Amino acid sequence: MQLLRTFIAADIPPTLQQTMQSHVDRLRRSLGDLVRWVPVSNIHLTLKFLGEVSPASVEILTQILRAEADSCPSFDITIGGLGSFPNSKRARVLWVGIQAPAELEALQRGIEAACARLGYESDPRPFSPHLTIGRVKERIAHADQQKIRQALEEITIDSLGTARVDSIHLYKSDLKPGGSVYTKLFTAPLKNVV
Ligand code: ATP
Ligand code: MG
């Protein structure tokens, strides 16, 4: 049986992805190939990483998306700030930050709980909404790690704008040599409050 690598995410509008391009380019000029950069068209807000699931699970996952989306009103997020996980001394993931109202956390918590009820593993880490823009390559030299640390200290990313989140998506991810390819399997609209 062919398993599907899946995750649940919200999209960032193409205009904001484009705004991010110049900032990613600036970092790329300073850090070059120490980092695997995420193509801006792939930048998204992950709500739940499910990993490998059976094709038969997709139907029930769409029901979770629909139920959780139905109980969450649309909301706005503001994007800006540069940071890294797990910390700035040992950066592995470079991200742009997200400021969001309580709805986002409630939505994520609801999805996490519904997935846990179905037996999907819960992420023990607290939810920390972010947009991954790059992943530091494995086994880089200490001096290069320092270079990244310095870049993170020197380069700032101000507020890049606001985006409405009005739907969530179940994505399939195919890990290809040229980078991951995402395909939308299902979309659920959030509640539209005027
Ligand atoms: P690549 O793995 O090629 O760098 P990617 O990380 O974007 O690309 P996936 O590994 O399929 O592609 O991940 C899809 C989404 O799920 C991404 O947002 C990723 O950050 C997130 N994700 C992946 N693995 C985990 C994990 N173990 N825990 C939490 N989130 C994860
Ligand atoms: Mg990955």
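Numbers here simply count residues along the sequence, with the first being 1. Here the structure is a predicted model, which means the values were calculated and not measured. Counting starts at 1 for both ligands and their atoms, in listed order.
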Using 0.5 Å steps for rounding, measure from the CD1 atom of I133 to the CZ atom of R28. 10.0 Å

Report, as yes or no, whether the 6.0 Å neighbourhood of atom CD on E105 holds more than 12 heavy atoms from other residues, nucleotides or ligands. no

Who pairs with F85 by ring pair (Phe, Tyr, Trp, His ring centres under 6.0 Å), at least two apart in sequence or on another chain? W95, H130

At a heavy-atom distance under 4.0 Å, which protein residues reach ligand 1? Sort them by chain and number, would you? R5, F7, R36, H44, T46, F49, R125, R135, S173, L175, S180, Y182

Quick one: side-chain hydrogen bond (donor to acceptor under 3.5 Å, both in side chains) pairs with a partner in residues 167-176, sequence neighbours left out? D11-H169, D11-Y171, H169-T187, K172-D174

Are any of the side-chain heavy atoms of L152 and L94 separated by less than 4.5 Å? yes

Show every salt bridge (charged side-chain N to carboxylate O under 4.0 Å, His left out) that has at least one partner inside residues 85-103, sequence neighbours left out. R92-E138

